[in-house]
Amino acid sequence: MPVHNADIARTFEEIADLLEIGDANPFRVRAYRNAARVVGELQLDIAATLARGAELPKLPGIGEDLAGKMHEIASTGHCALLDRLRRKMPPAITELLRVPGLGPKRVKALYRELDVQTLEQLYRAAREGRIRKVHGFGEKTETNILQSVEERLSKARRFKLAVATQYADALADYLRRSRGVGNVVVAGSLRRMRETVGDIDILATAGASSDVMSRFVAYGEVKEILSHGDTRSSVVLKSGIQVDLRVVPQESYGAALHYFTGSKAHNIAIRRLAQQRGLKLNEYGVFDGKRRVAGGTEESVFAAVGLPYIEPELREEHGEIEAARAGRLPRLVELSDLKGDLHSHTRWTDGRHSVEEMALAAKARGLVYLAITDHSRRLTVAKGLDPDRLRKQIDEIAGIAVPGITLLKGIEVDILEDGTLDLPDSVLQELDVVVAAVHSRFDLSRERQTERILRALDHPLVSILAHPLGRLIDAREPYDVDMLKIIRKAASRGRFLELNAHPERLDLFDTHCRMAKDEGVLVSINSDAHAIHEFDNLKYGIGQARRGWLEKRDVLNARPLAELKRFSAFRGS
DNA sequence: GCCGTTTTCGGCCCGACTGTTTTCAGTCG
């Protein structure tokens, strides 16, 4: 059984939970939690690296002891410390920490006083009114626990970026109509453009006389008010998503926006920088003793700790602070940089609009070229094109002239199980762009899946590999491939990788964008639009690309058409 | 458990809200 990074991360997380319940030094607990995060986000396969006999790079917050434990877990699948902790404490007890409102102290008290070890026992104790009798607990706490368990810990649910954005924008608009309110902005993981978000964070600036907070809790979509204070409140909307609103005075806008945007790991790192300079940073500003020295804008906060402005999408404590200090921050690509879209569908297959309608919609969004890339014949459910129908479509496209936008003749051709393409070269070579994609046999082994895609990239007529991992967020895992090999093949053959902007896909991942950039492979940010409104999804692709540190020069379709045509992948080679 | 442009020891991000307790601990973000 190979040990994955996620297994090591989970082990560290469980150790942290058990240590915390066991009243260990909180900084020791934090060290394990930090290690779990670092390992979980690491691209490098730890067990495989160690198995090769190679050294692990020095990882932040991981010293001799934790590195040793990583070795131990990778080679044996076990960790002696965890085994020991599990013997001291019923291991199921850690699931109690997931109950909102229960932390290590209360879990320990419930275990000691009532021998509560599992969710079922917790539920029974609450139902029987035994919890309120424990010191430090009361009737209200007992009711809250009961309710949390009954809701089956729904907090774990995450929302796709595009879905959460709709709720957030509507609520922000509503709050902007409050009396005496200044800025209202969406912060948190939504502002960082994470693929999915756990909750919505909104920041408002207002004075004491504003009614923004009372309006917030009175919002028609609110199902439940979790907390309600002067400067901070939390609610759950009918859709099930939690929203936190924070209100600060105008002069604290920048500091609060930075604080409320996160990520948590980034914030902690920035606060440590402030501390090293003898400053204190909180959501109200940067302070030298009692004197406020910054905080009106985010720029001023960064400047106070000696850094240039860092874009929200980079704030994950993934090297952005070091890059900022060295003056090597990327100038991230922007939506307005896109000049074209190289993946779209029409009514010829499973799209909902005509070629001309799609062209007009793309042009309306400022694009100057659009590739029509309908499906190939194997995808029968989508009425995939055979050579005959594809030639008819090519003729149709040739006859359509929409001023201001150039239409490219293309195809999204299936990569068959053996790595060959679903259409003959004779018809493919009549096209401007060939987008190749896997739509079947997601279950192949890593070796065979990788070989299949490498072979497709070797095909002289393939331009772009579409949605390289095939994942559907929350619905289908990515297929198992060696992304580094694929990226290197693309580099050696002069091919391109797609970053599919559809909010269900967002495929490439951010980490692979960085990998592609490092290997010199341009990324094409494509909408995969099946209808005219879906060109709007390009903004989510841009968000993902920015999280992957991509600049304008790293993006294929940020280049003018004339430049694209000079690439061998667009001429066939 | 980690880490060092004050340190190899002694620090480790910071504030709001709730509920229970009578001045604050626990939890959360």
**Request:** Could you measure between the two P atoms, the one in B:dA16 and the one in B:dT22, and give it in whole Å?
**Result:** 24 Å

**Asked** To the nearest Å, how far apart are A:Ile145 CD1 and B:dC28 P?
**Response** 11 Å

**Asked** Salt bridge between A:Glu195 and A:Arg471, side-chain N to carboxylate O under 4.0 Å?
**Response** yes

**Request:** Looking at every strand, decide which applies to A:Lys108 at a 4.0 Å heavy-atom threshold: base, sugar-phosphate, or nothing.
**Result:** nothing

**Request:** Select base, sugar-phosphate, or nothing to describe what A:Asp199 touches, counting heavy atoms under 4.0 Å on all strands.
**Result:** nothing

**Fill in**
For nucleotides 4-16 of chain B, 5' to 3', base contacts (B), sugar-phosphate-only contacts (S) and non-contacts (-) with protein non-hydrogen atoms under 4.0 Å give --------BBBBS

**Item:** A:Glu41 bridged to A:Arg37 by N-O distance under 4.0 Å
**Value:** yes

**Request:** Just call it for A:Pro26: base, sugar-phosphate, or nothing, with non-hydrogen atoms closer than 4.0 Å on any strand.
**Result:** nothing

**Short N-O contact, A:Arg127 and A:Glu142, less than 4.0 angstrom** = no

**Complete:** CG (A:Leu114) and CG (A:Leu122) are apart, to the nearest 0.5 Å, by 9.5 Å

**Request:** Please report, rounded to the nearest Å, how far the P atom of B:dG26 is from the CG atom of A:Leu110.
**Result:** 13 Å

**Face-on cation placement of A:Arg33 at A:Phe12 ring, 6.0 Å and 45° thresholds** = no

**Message:** What is the distance, to the nearest angstrom, from the CG atom on A:Leu245 to the P atom on B:dC17?
**Reply:** 11 Å

**Request:** Calculate the interatomic distance between A:Leu102 atom CG and B:dT20 atom P; express it in whole Å.
**Result:** 13 Å

**Item:** Euclidean distance for P, B:dT21 against B:dG26 (whole angstrom)
**Value:** 12 Å

**Complete:** Atom CG of A:Leu97 and atom P of B:dT27 are separated, to the nearest Å, by 9 Å

**Prompt:** salt bridge (Lys or Arg N to Asp or Glu O under 4.0 Å): which pairs involve residues 73-89 of chain A, sequence neighbours left out?
**Reply:** A:Glu14-A:Arg86

**Item:** B:dT18 OP1/OP2 closer than 4.0 Å to side-chain N/O of A:Asn144
**Value:** no

**Message:** Using whole Å, what does the distance between atom P of nucleotide B:dT27 and atom NZ of A:Lys140 come to?
**Reply:** 17 Å

**Item:** Rounded P spacing from B:dC17 to B:dC13 in Å
**Value:** 22 Å

**Asked** Rounded to the Å, how far apart are A:Arg28 CZ and B:dC2 C1'?
**Response** 12 Å

**Request:** Tell me which of A:Glu64 and A:Gly138 sits closer to the 5' end of DNA chain B, going by the nucleotide each one is nearest to.
**Result:** A:Glu64

**Item:** Residue pairs, two or more places apart or on separate chains, that pass ring pair (Phe, Tyr, Trp, His ring centres under 6.0 Å) and touch residues 295-330 of chain A
**Value:** A:His258-A:Phe302, A:Phe302-A:Tyr309

**Request:** Please figure out whether A:Ala67 or A:Arg106 has its closest DNA chain B nucleotide nearer the 5' end.
**Result:** A:Ala67

**Asked** How far, in whole Å, is B:dG1 from B:dT5 if one measures between their C1' atoms?
**Response** 24 Å

**Item:** Electrostatic pair A:Glu316:A:Arg194 at N-O distance under 4.0 angstrom
**Value:** yes

**Complete:** Closest to the side chain of A:Lys105, out of B:dG26, B:dT21, B:dG29, is B:dG26

**Request:** If B:dC2 has a Watson-Crick or G-U wobble mate with both distances under 3.5 Å, name it; if not, just say none.
**Result:** B:dG11

**B:dG10 and B:dG15, which share atom name P, separated by this distance in whole Å** = 25 Å

**Request:** Please report, rounded to the nearest Å, how far the P atom of B:dT20 is from the CD atom of A:Glu139.
**Result:** 8 Å

**Prompt:** OP1 or OP2 of B:dC28 sitting under 4.0 Å from any side-chain N/O of A:Ser234?
**Reply:** no

**Message:** Between B:dC12 and B:dT6, how many Å separate the two C1' atoms, rounded to a whole number?
**Reply:** 16 Å

